There are 2 protein chains.
Amino acid sequence: MRNLLGLAVLSYLTERPMHPYEIGELLVARDHARSIKYNRGSLYMVVNQLVKAGLIEATATIRDTQRPERTVYALTDAGRGEMLDWLRELIGQPVHEYPQFVAALSLIGALHPDEVVALLRQRQTGLEQQRVGISQSVEACLARGMHPLFQVEETYRLAVLEAELAFVARFITDITDPETGWGPGWAAHHADRDESPH
Amino acid sequence: MRNLLGLAVLSYLTERPMHPYEIGELLVARDHARSIKYNRGSLYMVVNQLVKAGLIEATATIRDTQRPERTVYALTDAGRGEMLDWLRELIGQPVHEYPQFVAALSLIGALHPDEVVALLRQRQTGLEQQRVGISQSVEACLARGMHPLFQVEETYRLAVLEAELAFVARFITDITDPETGWGPGWAAHHADRDESPH
DNA sequence: GGGGTCATGTAATAGGTTACATGATTCT
DNA sequence: AGAATCATGTAACCTATTACATGACCCC
């Protein structure tokens with residue numbers, strides 16, 4: 001069990017027993033789906049895995065003379081412990097990850113530097129849009145009196161976004177600097193590799 | 001085809017035709033496996049997908065009177081184009097991702113603030129270790145005269161690491177500040193939720 | 001009262017990872 | 001020469017995503 005959706009399920013069930021559909025609704029309503037990848041199919045799968053692992057258990061299947069039958073799940077003691085341990089580990093120990101931009105940077109030599117500069121400028125505007133979007137929503141929540149702890153994940157995203165913006169700006173000048181810019185050398189090397197195949 | 005290992009395969013095959021095992025070796029030798037998740041099984045799968053998509057093709061199966069038969073693949077024209085388009089998109093357009101730390105932050109209220117502070121301190125040392133590891137290796141490469149472009153993905157990682165370190169430090173003081181720290185309120189709320197279930 | 005959409009799940013398919021297989025080489 | 005390890009690939013399994021199914025409610 002390494003799907004983080006499972007952690008969200010465990011966490012939500014600490015509030016009260018729920019059925020999967022309700023969990024999914026809450027996940028979206030509270031915007032946790034921005035931080036934890038969610039789709040309904042995965043949710044049902046994860047819930048079954050949690051049952052198998054003994055971390056949650058079905059407490060009832062209710063039908064309020066309404067819609068399809070719904071199974072309600074509750075957290076077990078083991079589930080509560082596992083949830084806490086899991087969270088502790090995620091906070092205490094940084095893990096190596098593979099963001100898409102890192103992958104792209106590692107292979108960026110295949111593009112011509114002029115094109116790269118244009119693409120980086122495009123990225124800057126995208127990042128900037130994300131940044132204003134997030135910071136506005138954070139400020140709106142704070143203005144409504146919400147405790148900043150509930151926005152801490154977005155605050156983190158903002159910090160990373162700003163670092164990335166700074167990095168991109170720096171990268172552009174590294175390429176284009178008229179004195180020491182990497183552009184010319186890069187372009188030359190690029191021409192080489194484009195000729196050689198034929 | 002959204003597996004970034006596929007992008008790496010396309011990119012490597014621009015140099016010359018290779019067999020999968022060789023691609024895997026190079027991926028590790030050049031440290032690209034730090035930026036793109038690699039394991040052998042996935043590599044063979046991805047190669048098959050690329051063949052089906054017409055982006056690469058088998059050019060020979062050689063057996064140098066040695067080990068098992070090896071199939072050598074070469075890039076097609078479509079493959080070259082796809083590789084470039086894919087890279088352009090990754091550079092030009094930021095995508096929403098789901099780092100584990102973001103998920104954890106979004107649910108961190110389930111832990112007691114005192115414990116969170118301890119875990120964040122632990123994280124700081126882990127991040128700091130990563131930081132010195134990366135910056136030493138970058139400097140070593142530069143000292144050997146390697147062009148900084150070949151380290152650009154690690155430079156980016158450094159920038160993000162530093163932003164995360166700053167964020168964590170800030171978060172700790174937000175919790176522990178003797179005037180306005182979130183600790184007391186958080187702890188109280190935490191006690192509430194721990195009582196209610198019973 | 002029939003067409004749309006909401007609520008809830010299940011099943012089929014595609015994607016990725018781990019475990020296994022097999023001959024060659026190298027070491028002692 | 002037998003044990004350990006390398007080189008290479010395949011197959012089995014597990015995970016995740018998409019597509020489908022079904023009855024209720026809601027609107028004109």
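None of the values given here were measured: they were computed from a predicted structure. Throughout, a chain's letter reflects where its sequence line sits, starting with A, and its residues are numbered from 1.
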S.K.: B/His19 side chain: which of D/dT8, C/dG9, D/dT17 is closest?
M.R.: D/dT8
S.K.: Test salt bridge (charged side-chain N to carboxylate O under 4.0 Å, His left out) on B/Arg80 and B/Asp77 and set out the steps.
M.R.: CA-CA 5 Å; B/Arg80 179 180 203 82; B/Asp77 285 349; over 6 Å; no
S.K.: Calculate the interatomic distance between B/Leu4 atom CG and C/dG15 atom C1'; express it in whole Å.
M.R.: 14 Å
S.K.: Can you tell me how far P of D/dT8 sits from CG of B/Leu27, to the nearest Å?
M.R.: 15 Å
S.K.: Of all the nucleotides listed (C/dT10, D/dT17, C/dT17), which has the minimum atom distance to the side chain of B/Ser42?
M.R.: C/dT17
S.K.: Does A/Lys37 place a side-chain N or O at less than 4.0 Å from the phosphate oxygens OP1/OP2 of D/dA16?
M.R.: no
S.K.: Measure the distance from CG on B/Leu43 to C1' on C/dG15 and round it to the nearest whole Å.
M.R.: 15 Å
S.K.: Send over the distance from A/Met45 CE to D/dT15 C1', rounded to a whole Å.
M.R.: 6 Å
S.K.: Taking atom CZ as the centre, does B/Arg170 end up with more than 12 heavy-atom neighbours from other residues, nucleotides or ligands that are less than 6.0 angstrom away?
M.R.: no
S.K.: Quick check on D/dA16: is either OP1 or OP2 less than 4.0 Å from any side-chain nitrogen or oxygen of A/Asn3?
M.R.: yes
S.K.: Both conditions, 6.0 Å and 45 degrees, for the charged tip of A/Arg123 above the ring of A/Phe171: are they met here?
M.R.: no
S.K.: Ignoring hydrogens and angles, are the base of C/dT8 and the side chain of A/Arg40 linked by a donor-acceptor pair under 3.5 Å?
M.R.: yes
